[in-house]
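These notes concern the structure reproduced below.
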Amino acid sequence: MHKKLFLSTIVVVMVTLVLSILAIGLVFNRQFDNYLTQTTEATLEQLPDRLGTLYQTYGEWDQKALAALTRSLPMGTELTLSDPQGKVIYQASTAMDKMMNGQQNMMGRSSERIWKTQTYTISGEQGLLGTAVVRYPANGHTLSPQDVGFITDILRSLLLAGGVALILGILLSYWISRRLVTPLQHLTKAAQNIGAGRLDERVPVLSRDEVGKLAQAFNVMADNLTKQEQLRRQFTADVAHELRTPLASIRSYIEAFQDGVLSANEENYAALNQEIDRLVALVSSLKDLNLAEIGALQIEIHPFDLGNLLDGMLHNLQPLLAAKQLTLLWHKPEEPVNVQGDERLLTQLFYNLVHNAYKYTEPGGQIVLELAPDKQAVVVRVTDSGNGISEHDLPLIFERFYRADKSRARQTGGAGIGLALVRQITELHQGTVSVTSTIGQGSVFTVELPRYQDSFQRE
Ligand code: ADP
């Protein structure tokens, strides 16, 4: 990648350089040709006067003087001088062409030569002295040594500028390709490390461009992976703990039965059964949560009276509430409140909410359960006078395995999956769940479900 970028930049620089040198050369060539033609023409303008003066000086067409004058004409010029009768008196050319035989015009372009002809009438005091016909090249000028020197200078400066541009281009493209490629190399290495399980790997964010954003996104992803990994570890530890407590208890019951320490009566069997129930409930919540999260939870939807469902759920919890001397206020509407959904899952949802209210409220506290049917929706509100949830924890309690007060939650037997399941079940029923809480005063959990009349469809 680094090499490719570098080479392609170099190629672009070279092509640009060659093209611009060619373009400059072409334009320069044409302009220089024009310039030489103009210079030639300017010199030739003075020819009639000069010839007139020559004639005045010598009183005749002196061949030597004419030859000297011809030599001073621009390269390649042909002069033919005729007397008034049209007889050719003198003919010569500044035949540099012959001297510099085969010399191509600059930039190596050899092309068809174009000639121009000018006719001048030469007159003096004596009247008409003669006619001079001058033929001179209008392109592809034969260059004088000064011209060649001038062009060589220009070419040299062009090549020098090109060389400097090329070196700068090479340095710049090397720098740019390094700048682009180095962060990508960091990313590749970091991705390989993360792939190999080293989750603490992060990449430096060196810029604010797309590559910088990629590095940033990579770090966020790595943070999330680390968080997930921590949660997973925490969860495994929690589940192990949750499973170990009832299992140890079951084992001690059985050992006590075997040793005859405890009589195998109905009361002891019931206690044993309770531990087994706790285990089964935990395992099934875990299974439900897992299924809900991967969207594979089977739900059986049919209409039913939510008031009845809450009655049944409270019936199971009543002994617990009574044992903790918690007052329960249950505001149940007289009319049936029909909703549509999965009874088992909705029972679990409200059980979790009231059970949390029970867990996190000190003995002697109060729990209020309200069912308020609306036209569009049905609202179930669970209010407790418990210890409340801090502002910091409030947005997180619906995350799986999140427990606000870890030591306390452990005592109360929570693994942080109750509310995660509440949220999943509510969403499955196209409802919403929200919470408000004041530390030391209590919490209010509100679940809103669509009414039965609404066309309920599982997405
Ligand atoms: P857990 O099994 O630990 O109760 P949940 O998912 O049900 O797990 O609840 C997550 C956390 O939210 C709990 O650990 C507790 O700190 C807090 N929480 C839930 N309900 C209440 C409540 N009614 N009063 C105070 N804190 C609560």
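Just so it is clear, the values below take in all heavy atoms, side chains as well, and ignore hydrogens, waters and symmetry mates. Both ligands and their constituent atoms are indexed starting at 1 by order of listing.
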Subject >> salt_bridge(Glu41, Lys116) N-O dist < 4.0 Å >> reply: yes
**OP:** For the pair Phe398 and Phe445, name the ring-plane relationship: parallel under 30°, tilted 30 to 60°, perpendicular over 60°.
**Re:** perpendicular
**OP:** Return yes when Ser443 approaches ligand 1 closer than 4.0 angstrom through a heavy atom, no otherwise.
**Re:** yes
**OP:** Any pair with a residue in residues 306-332 that passes salt bridge (Lys or Arg N to Asp or Glu O under 4.0 Å), sequence neighbours left out, goes on the list, sorted by first then second residue, please.
**Re:** Asp311-Lys332
Subject >> Under-4.0 Å heavy-atom contact with ligand 1, by part of Phe398 that carries it >> reply: neither
Subject >> Side-chain heavy-atom pair Arg381, Val444 within 4.5 angstrom cut-off >> reply: yes
Subject >> Heavy atom of Asp384, distance to ligand 1 below 4.0 Å >> reply: yes
**OP:** Measure up the Phe257 and Tyr253 rings against each other and bin them: parallel (under 30°), tilted (30 to 60°), perpendicular (over 60°).
**Re:** tilted
Original post:
Is any N or O atom of Leu419, backbone or side chain, closer than 3.5 Å to an N or O atom of ligand 1?
Top reply: yes
**OP:** Name all residues meeting the salt bridge (charged side-chain N to carboxylate O under 4.0 Å, His left out) criterion together with Asp305; count only those two or more places apart in sequence or in a different chain, and write none if there are none.
**Re:** none
Subject >> Enumerated ligand 1 atoms positioned under 4.0 Å from heavy atoms of Lys359 >> reply: 1 (P), 2 (O), 4 (O)
Original post:
What are the atoms of ligand 1, with element, lying closer than 4.0 Å to any heavy atom of Ile417?
Top reply: 6 (O), 8 (O)
**OP:** Show which atoms of ligand 1 fall inside a sub-4.0 Å distance from at least one heavy-atom site of Tyr402.
**Re:** 10 (C), 11 (C)
